[in-house]
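First comes the structure, then the notes that go with it.
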Amino acid sequence: MLERFLKQTTFESYEDFLKNFSIIVPEDFNFAYDVMDAWAKEAPERTAMIWTNDQGEERRFTFADLKSMSDKAAGFFSSLGITKGSMVMLILKRRWQFWITMLALHKIGAVPIPATYLLTKKDIIYRVKCADIKNIICCGDKEILKHVNDAQHDWPAFVNRISIGPVVPEGWEDFNAGMEKAEPFKRTIRYKKRTSDPLLMYFTSGTSGQPKMVLHDQTYALGHIGTAAYWHDLRPDSLHLTVSDSGWGKAAWGKLYGQWIVGSTVFTYDHEKFTPADILHKIEQYHITSFCAPPTIYRFMIREDLTKFDLSSLRHANTAGEALNAAVYDKFFQLTGLHIKEGYGQTETTCMIATLPWTAVKPGAMGVPMPQYDVRLVKKDGTMVTTPGEHGQIAICTKKGRPVGLFVEYYKDIELTNQAWHDDLYFTGDVAYFDEDGYYWYVGRADDVIKSSGYKIGPFEVESALMTHPAVVECAITGVPDEIRGQIIKATIVLGKEWKDKAGEALIKELQDHVKNTTAPYKYPRVIEFVDELPKTHSGKIRHVEIRERDEKKMKC
């Protein structure tokens with residue numbers, strides 16, 4: 001399959017990859033037809049997905065299964081009036097129906113909008129109003145159904161409310177019954193999709209404001225070839241597990257497009273509560289070969305006794321979502337012998353920067369640019385960073401056109417789009433620097449960089465220093481206003497269970513000294529607060545802005 005979309009599929013070096021990696025974009029392309037149905041024709045009995053849950057259930061789907069089931073689902077949705085261009089919100093957790101539904105909507109030409117199950121009535125109304133959503137497909141969980149019904153009561157926008165069960169309330173369509181009765185959807189010229197047609201839309205996680213609507217066209221699926229084939233390093237015989245709820249862009253990165261273009265098998269573990277030991281057991285039980293999770297997952301995994309699990313099937317480990325602390329990398333490597341290979345990107349992109357098969361791992365570095373993106377670092381005055389070690393905002397140069405995988409626009413918001421994307425540059429909002437070898441190192445969000453006594457201090461470096469202390473499970477670094485220094489550094493810290501009774505001045509001093517001995521002394525946190533948990537977005541990213549806002553309120557009181 002890769003040969004259909006790449007001019008060259010194997011590469012001898014990173015230089016060869018940069019020079020010769022080129023994605024072939026057809027004039028007409030539809031992932032569901034041109035990849036999934038093509039696999040169903042070429043290798044119908046190949047296992048496309050293994051799904052299991054924390055109740056012991058298991059289902060295996062071949063490519064032929066996914067074709068026939070998505071045809072039926074598309075027929076059902078079409079009978080309800082869902083058509084090309086229809087906006088459809090999905091709140092499906094990690095249920096297997098998510099994959100069937102996504103493929104079905106792609107076949108129709110509708111625009112799926114995956115959303116997290118953590119949304120409340122207020123969140124749902126915000127999204128429905130912004131995107132003019134008329135259709136929603138949900139898990140049959142009582143709490144989710146209640147939030148949707150409450151939203152419908154205050155903002156009666158939904159034409160179709162569809163439940164996959166087990167609960168199907170009055171006034172809702174039954175997904176399973178509809179599938180049973182539906183005639184398979186037949187592709188016609190009316191539904192033939194041009195490559196520029198919308199594929200899907202995501203709401204961002206909202207780390208610093210209201211979520212933005214990120215619209216992608218059909219090329220987004222092809223953009224993930226690099227993600228799966230060269231960052232995850234997948235092969236047709238790979239069994240890949242990405243830990244992500246289906247409501248986030250990371251699911252598209254690791255559980256859908258690139259993996260199936262490669263022809264590998266997607267593994268999904270549907271669980272209500274994250275337990276590190278359960279994830280490790282699944283790796284052992286199913287002989288998973290490739291694993292990707294955010295740094296938070298690795299932080300908890302390395303606190304388990306890994307000698308109790310046979311992880312010998314694993315040959316590849318990746319992380320994305322937040323920057324990886326070198327201390328976590330070192331501990332995981334010590335316990336497993338595996339390098340965690342970092343990748344960087346956004347909801348607006350596919351994998352932009354990564355540690356690749358031909359590049360050495362530098363613990364704590366994001367890696368090197370992917371060839372489809374012309375990555376730049378831009379200083380505040382608009383000039384480009386050319387010196388190793390100098391900070392700049394990560395941007396993508398689009399002078400030669402929009403790269404495959406970059407979003408189309410912030411939907412219905414020209415002003416917001418133009419703020420982020422102007423002068424042939426898309427600005428990510430993230431600050432980084434590159435070293436002498438061309439590796440990129442994360443500093444922090446542009447709004448999070450701290451200015452203290454004339455120094456610019458990236459929160460990630462201080463967080464990384466603190467994470468090397470055994471007491472620290474999680475931490476967030478923010479700036480606190482100071483009359484003399486402008487800002488001083490504050491650390492908000494979650495302690496390990498065995499350290500909580502030691503929280504006090506002695507431990508504060510110990511942590512401050514630890515940072516002074518680990519990084520430049522002026523970067524040590526002058527203020528330390530111990531908390532039970534850090535404020536996070538629905539996707540699990542730390543909300544530094546919320547910590548700053550809380551501190552500002554305290555100072556005013």
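Residue indices begin at 1 and follow the sequence shown. Keep in mind the model is a prediction, meaning the values are calculated, not measured. Atoms considered below: every heavy atom in the structure, side chains included; atoms not considered: hydrogens, waters and symmetry mates.
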Using the six-membered ring wherever Trp is involved, compare the ring planes of His271 and Tyr269 and label them parallel, tilted or perpendicular (cut-offs 30° and 60°). parallel
Just wondering, do Ile23 and Val25 contact through their side chains at under 4.5 Å, heavy atoms? yes
Heavy-atom donor-acceptor pair, Gln393 side chain to Gly429 backbone, under 3.5 Å: yes
Test item: Asp424 side-chain N/O and Cys397 main-chain N/O as donor-acceptor pair under 3.5 Å: no
Return the CD1 to OH distance between Ile302 and Tyr329, rounded to the nearest 0.5 Å. 13.0 Å
Distance, nearest 0.5 Å, that separates CG of Asp197 from OG1 of Thr219: 11.5 Å
If only atom types and distance count, is the side chain of Glu342 paired as donor or acceptor with the main-chain N or O of Leu324 below 3.5 Å? yes
Could you point out which residue of Trp231, Phe17, Tyr14 forms a ring pair (Phe, Tyr, Trp, His ring centres under 6.0 Å) with Trp358? Phe17
Would a 4.5 Å heavy-atom cut-off, applied to side chains only, mark Phe274 and Ile279 as touching? yes
Value for CZ (Phe291) from CG (Leu239), rounded to nearest 0.5 Å, stands at 12.0 Å
Looking at every non-hydrogen atom in both residues, tell me the closest pair between Trp39 and Val262 and how far apart they are. CZ2-O, 4.0 Å
Using the side chain to side chain contact (heavy atoms under 4.5 Å, CB included) rule, take Tyr440 and Tyr344 through it: C-alpha gap first, then chi angles, then the decisive distance, then the call. CA-CA 10 Å; Tyr440 282 69; Tyr344 166 82; over 6 Å; no
Can the ring centroids of Tyr426 and Phe407 be said to lie less than 6.0 angstrom from one another? yes
Taking the side chain as C-beta and beyond, is there a heavy-atom pair between Glu57 and Trp51 under 4.5 Å? yes
Flag, side chain of Thr265 to backbone of Met49, donor-acceptor distance under 3.5 Å: no
Can you tell me if Glu474 uses its side chain to pair, donor with acceptor, with the backbone of Leu534 under 3.5 Å? no
Can you label the angle between the Phe11 ring and the Phe21 ring as parallel, tilted or perpendicular, going by 30° and 60°? tilted
Is there a side-chain contact between Pro363 and Phe333 in this structure, where contact means two heavy atoms from C-beta onward sitting under 4.5 Å apart? no
Which atom names give the shortest non-hydrogen contact between Lys523 and Ile457, and what distance separates them? CG-CG2, 4.1 Å
Glu12 atom CD: more than 12 heavy-atom contacts under 6.0 Å: no
Could you check whether any side-chain N or O of Thr195 sits under 3.5 Å from a backbone N or O of Glu27, counting only pairs where one atom can act as donor and the other as acceptor? yes
Checking side chain to side chain donor-acceptor pair (under 3.5 Å) for the pair Thr62/Asp65: CA distance, chi angles, key distance, verdict? CA-CA 5 Å; Thr62 64; Asp65 293 332; 3.1 Å; yes
Here's a test for you: under side-chain hydrogen bond (donor to acceptor under 3.5 Å, both in side chains), which of Thr349, Thr350, Thr398 qualifies with Tyr373? Thr350
Testing the 3.5 Å rule here: is there a donor-acceptor pair between the side chains of Ser290 and His316? no
When rounded to the nearest 0.5 angstrom, what is the spacing between OH in Tyr442 and CZ in Phe460? 8.5 Å
Heavy-atom pair of closest approach, residues Val214 and Thr347: CG1-O, 3.8 Å
Lys107 NZ/CZ over Phe185 ring centroid, <6.0 Å and within 45° of normal: no
Report the C-alpha distance between Tyr410 and Met213 in whole Å, list the side-chain angles of each, state the deciding distance to 0.1 Å, and finish with yes or no for side chain to side chain contact (heavy atoms under 4.5 Å, CB included). CA-CA 5 Å; Tyr410 291 120; Met213 295 184 288; 5.9 Å; no
May I have the step-by-step check of side chain to side chain donor-acceptor pair (under 3.5 Å) for Thr519 and Glu461, ending in yes or no? CA-CA 8 Å; Thr519 186; Glu461 185 178 359; 2.9 Å; yes
Measure up the Phe61 and Trp96 rings against each other and bin them: parallel (under 30°), tilted (30 to 60°), perpendicular (over 60°). tilted
Worked check of side chain to side chain donor-acceptor pair (under 3.5 Å) between Thr242 and Trp253: CA-CA 9 Å; Thr242 281; Trp253 279 49; over 6 Å; no
So, do Val378 and Val385 sit near enough that their side-chain heavy atoms are less than 4.5 Å apart? no
For the ring pair Tyr33 and His106, is the centre-to-centre distance below 6.0 Å? no
Shortest non-hydrogen pair, Ala360 vs Tyr439, comes out as O-OH, 2.6 Å
Minimum heavy-atom separation for Cys351 and Gly343, please, with both atom names. SG-CA, 4.2 Å
What do you reckon, are the aromatic ring centroids of Phe309 and His281 less than 6.0 Å apart? no
Where is the tightest heavy-atom contact between Met102 and Pro114, given as atom of each residue plus distance? SD-CG, 4.3 Å
Checking the side chain of His514 only, and the main-chain atoms of Ala465 only, is there a donor and an acceptor separated by less than 3.5 Å? yes
Can you tell me how far apart CD (Glu409) and CH2 (Trp421) are? Round to the nearest 0.5 Å. 9.5 Å
Just so I know, are the side chains of Met467 and Arg299 near enough to count as touching, which here means a heavy-atom distance under 4.5 Å? yes
Between Phe267 and Tyr286, is the ring centre distance below 6.0 Å? yes
Do other residues, nucleotides or ligands put more than 12 heavy atoms under 6.0 Å from the NZ atom of Lys379? yes
Ser313 side chain to Ile288 main-chain N or O, any donor-acceptor pair under 3.5 Å? yes
Working to the nearest 0.5 angstrom, can you tell me the gap between Tyr257 OH and His216 NE2? 9.5 Å
Given the rule in the side chain to side chain donor-acceptor pair (under 3.5 Å) test, do Ser238 and Arg235 qualify, once you have shown the distances and angles that lead to the verdict? CA-CA 5 Å; Ser238 297; Arg235 313 163 192 170; 5.2 Å; no
Can you tell if the side chain of Thr336 reaches within under 4.5 Å of the side chain of Leu314, non-hydrogen atoms only? no
Could Asp374 and Lys399 be called an ion pair, given the rule that one side-chain N must be under 4.0 Å from one carboxylate O? no
